[in-house]
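Report on the following structure.
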Protein chains: 2
Amino acid sequence: MTQLHPKATMTTGCSVERALNLIDGKWKIVILHKLLKGTLRFNELRRQIPAVTQRMLTNQLRELEADGLIIRTVYPEVPPRVEYSLSARGRSLEPVIMALKAWGDRNLSSPEVEAA
Amino acid sequence: MTQLHPKATMTTGCSVERALNLIDGKWKIVILHKLLKGTLRFNELRRQIPAVTQRMLTNQLRELEADGLIIRTVYPEVPPRVEYSLSARGRSLEPVIMALKAWGDRNLSSPEVEAA
DNA sequence: CGGTATCCACGCGGATACTG
DNA sequence: CAGTATCCGCGTGGATACCG
């Protein structure tokens, strides 16, 4: 045991702060976003998020699992196969993720700024 | 120069990742959430977010300002007065923040609810 | 009041090597 | 394929003191 992800859940502050505790970490939202489209294997996730390292991906996946946002399924096959999918709780974050994506598409795709 | 907040903006990954770069940091979303209700002074923000330290609050506010999400107004008065408010861009994040808050309220069963 | 400046600890996170 | 293990730099962020 490397004793990573020593957080899982926290109980401080308002609902916004507490919600953030579940989705902070550099890659959680991105991972959840990818999984919205369907179940993915470990290396499929890696390929879809090139900037993440293996270590970090594992770490974030473990935290997401510990928080009940994703489901990790191991198939005891000869070439190991592990699939990650959203739990009901994780899927309930879809409005948040899509709102964030919509905002990103609108505010970051266009180089123009400050449309007051 | 303390050389803090050396990020401001990044341009990597998909729109979700890039959007996250603007709102990562432990307190940004919380700050934006508080400012949704109206302009606040520095110490008013501190009081509304007890867990944040002065240093971090300053840091996060500077980054938010650099990213054009909030507006910092200094009133040259004898007891200094600095007010923070959302920019148009920052206010456009309201759907994201409210979606997150709604999710937190529903999934974390918060003991208290604040009026939107 | 609204910050800076400085010191310092800790853990995040990258790089690399190894495994069942 | 899907991880662990280990090393380690560096940024994050707390505590404290000071300032205009």
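All figures in this text were calculated on a predicted structure; none of them were measured in a lab. Order of the sequence lines sets the chain letters (A, B, ...), proteins ahead of strands, with each chain counted from 1. Computation of the quantities below employed the complete heavy-atom set of this structure, encompassing side-chain atoms and omitting hydrogens, waters and symmetry-equivalent molecules.
Distance, A:D24 CG to C:dG13 C1': 14 Å, rounded to whole Å. Protein atom CG of A:N43 is 5 Å distant from nucleotide atom P of D:dC1, rounded to whole Å. Distance, B:E77 CD to C:dC1 C1': 11 Å, rounded to whole Å. If you measure from atom CG of A:L57 to atom C1' of D:dC1, you get 13 Å, rounded to the nearest angstrom. Between the CG atom of B:L61 and the P atom of C:dC1 there is a distance of 16 Å, given to the nearest Å. The CZ-P distance, from A:R62 to D:dA5, rounds to 11 Å in whole Å. Look at CZ on A:F42: it is 18 Å from P on C:dG20, rounded to the nearest Å. A straight line from CD of A:Q60 to C1' of C:dG11 spans 13 Å, rounded to a whole angstrom.
Closest of all the heavy-atom pairs between B:K101 and A:S15 is NZ-OG, 3.6 Å.
Side-chain atoms of B:R55 lie closest to C:dT6 of the nucleotides C:dA15, D:dT4, C:dT6. Listed nucleotides C:dC1, C:dG3, D:dG13 differ in distance to B:Q54; the shortest reach to its side chain belongs to C:dG3. For A:R41, counting side-chain heavy atoms from C-beta on, the closest listed nucleotide (C:dG3, D:dA2, C:dC1) is D:dA2. Set against C:dG2, C:dC7, D:dA2, the side chain of A:R72 has D:dA2 as its closest nucleotide. Which of C:dG13, C:dG3, D:dA15 sits closest to the side chain of B:Y84 comes down to C:dG3. Out of D:dC1, C:dC1, C:dG3, the shortest distance to the side chain of B:P80 is found at C:dC1.
Under a hydrophobic-cluster definition in which Ile, Leu, Val, Met, Phe, Trp and Tyr are linked whenever side-chain heavy atoms come within less than 4.5 Å, directly or via other members, A:V74 and A:Y84 are assigned to the same cluster.
If you check every strand for non-hydrogen atoms under 4.0 Å, B:R46 touches nothing.
A distance-only check finds no donor-acceptor pair linking the side chain of A:T39 to the backbone of A:S85 [under 3.5 Å].
Taking the nucleotide of DNA chain C with the nearest heavy atom to each of A:V78 and A:W27, the more 5' of the two is matched to A:W27.
At D:dG13, none of the side-chain N or O atoms of B:T53 fall inside 4.0 Å of OP1 or OP2 (strictly under the cut-off). For the pair B:T58 and C:dG3, the criterion of a side-chain N or O lying under 4.0 Å from OP1 or OP2 is not met.
When each of B:R72, B:K26, B:K28 is checked for a salt bridge (Lys or Arg N to Asp or Glu O under 4.0 Å) with B:E63, only B:K28 meets the rule.
Ion pairing between a basic and an acidic side chain is recognised when a charged N comes within 4.0 Å of a carboxylate O; A:R46 and A:E44 show no such pairing.
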